[in-house]
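Here is how names work: the chains are called A, B, and so on, in the same order as the sequence lines, proteins then strands, and each is numbered from 1.
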Amino acid sequence: MTIRVATWNVNSVRQRIDLLLTWLRECQPDIVCLQEIKCVDEAFPRLEIEALGYNVVTHGQKTFNGVALLSKLKFDETKSGLAGDDEDVHARFLEGVVTLKRGVLRIACLYLPNGNPVGTDKYPYKLKWMSRLLEYSKERLQTEEPLILAGDFNVIPHARDVHNPAAWTEDALFKTETRESFQSLLGLGLADALRAVTDEPGLYTFWDYQAGAWQKNHGLRIDHLLLSPQASDRLANVGIDSYVRGWEKPSDHVPVWADLDLEAA
DNA sequence: ATGACTACTCCCAGTAGA
């Protein structure tokens, strides 16, 4: 038995619903984290997705941001919002817990702030959000349960994760402070699922719409699944569905998934 | 390269994304 957990920044779920349904049928993920749904909860196309056998929970927002969790396993609990800043109204975080044959699996779906342009209040907001995520992770890791942080991190972890690293050194996605903060998440014992299976450079999850970035393979790896030791121990396979970027009217991000040897209840 | 695309919005020029 394996459980497939996926993440995909769809860049508007209403624009992408047909592609999403096609991909769900092809990939057959058990749990999916969606980002940038760009709609309020009432406008989310839940019926079509429920028809494929998913339980759906959304944390939406008008126009921007918005995250959703889809799961073939029933949610025991869900919670929206990341602790640590009562002033933050962005819909960027949604946590769900499902029951397994042995214990539970906790999934945090996140859309980490972009942070550009650096020099505006957007970058400190990003760094603060990352430190809030670090605190959340510290707390959750104490339970010693399988935990997955999945989403659009807006972080390029390493030079091998971007086509032209020299052009990105001052960008909020690649700045030293950003990468150090991401590293401190890994320092807690979280494993970058893709890097647990390969060191290969040039594996991307995002290609800009502009300047033929997809055709030239000028991409970024910014969508990640971070696994607690209890999840990492069960890791069987990881994939990037980059072919989805070649579809008609695609998102600029593609799905990333991980298979874990865990049994559903 | 002040560029390029795409999607959003009190409907359409301005904002945001990465």
Anything under 30° is parallel, anything over 60° is perpendicular, the rest tilted; go ahead and classify Phe93(A) against Tyr136(A). perpendicular
Could you check if a side-chain atom of Leu149(A) sits within less than 4.5 angstrom of a side-chain atom of Leu133(A), using non-hydrogen atoms only? yes
Gap in Å between the two [atom1] atoms, one belonging to [N] and one to [M], rounded:
| N | M | atom1 | value |
| --- | --- | --- | --- |
| dA1(B) | dA13(B) | P | 30 Å |
| dA7(B) | dC12(B) | C1' | 13 Å |
| dA18(B) | dG14(B) | P | 23 Å |
| dC10(B) | dT15(B) | P | 14 Å |

Do Trp8(A) and Trp23(A) have their ring centres less than 6.0 Å from each other? yes
Looking only at the aromatic ring of each residue, does the gap between the centers of His224(A) and Phe182(A) stay below 6.0 angstrom? yes
Rounded off to whole Å, could you give me the CD-to-P distance for the Gln215(A) and dA4(B) pair? 17 Å
So if I define the base as every atom that isn't primed, P, OP1 or OP2, how would nucleotides 9-18 of chain B read as a B/S/- string at a heavy-atom cutoff under 4.0 Å? SS-----SSB
For Ile156(A), which fellow cluster members are found when Ile, Leu, Val, Met, Phe, Trp and Tyr are connected by side-chain heavy-atom distances below 4.5 angstrom, either directly or through intermediates? Val162(A), Trp168(A), Leu173(A), Phe174(A), Phe206(A), Leu220(A), Ile222(A)
If the condition is side-chain contact (heavy atoms from CB on, under 4.5 Å), which residues does Glu36(A) pass it with, not counting sequence neighbours? Asn9(A), Lys38(A), Tyr111(A)
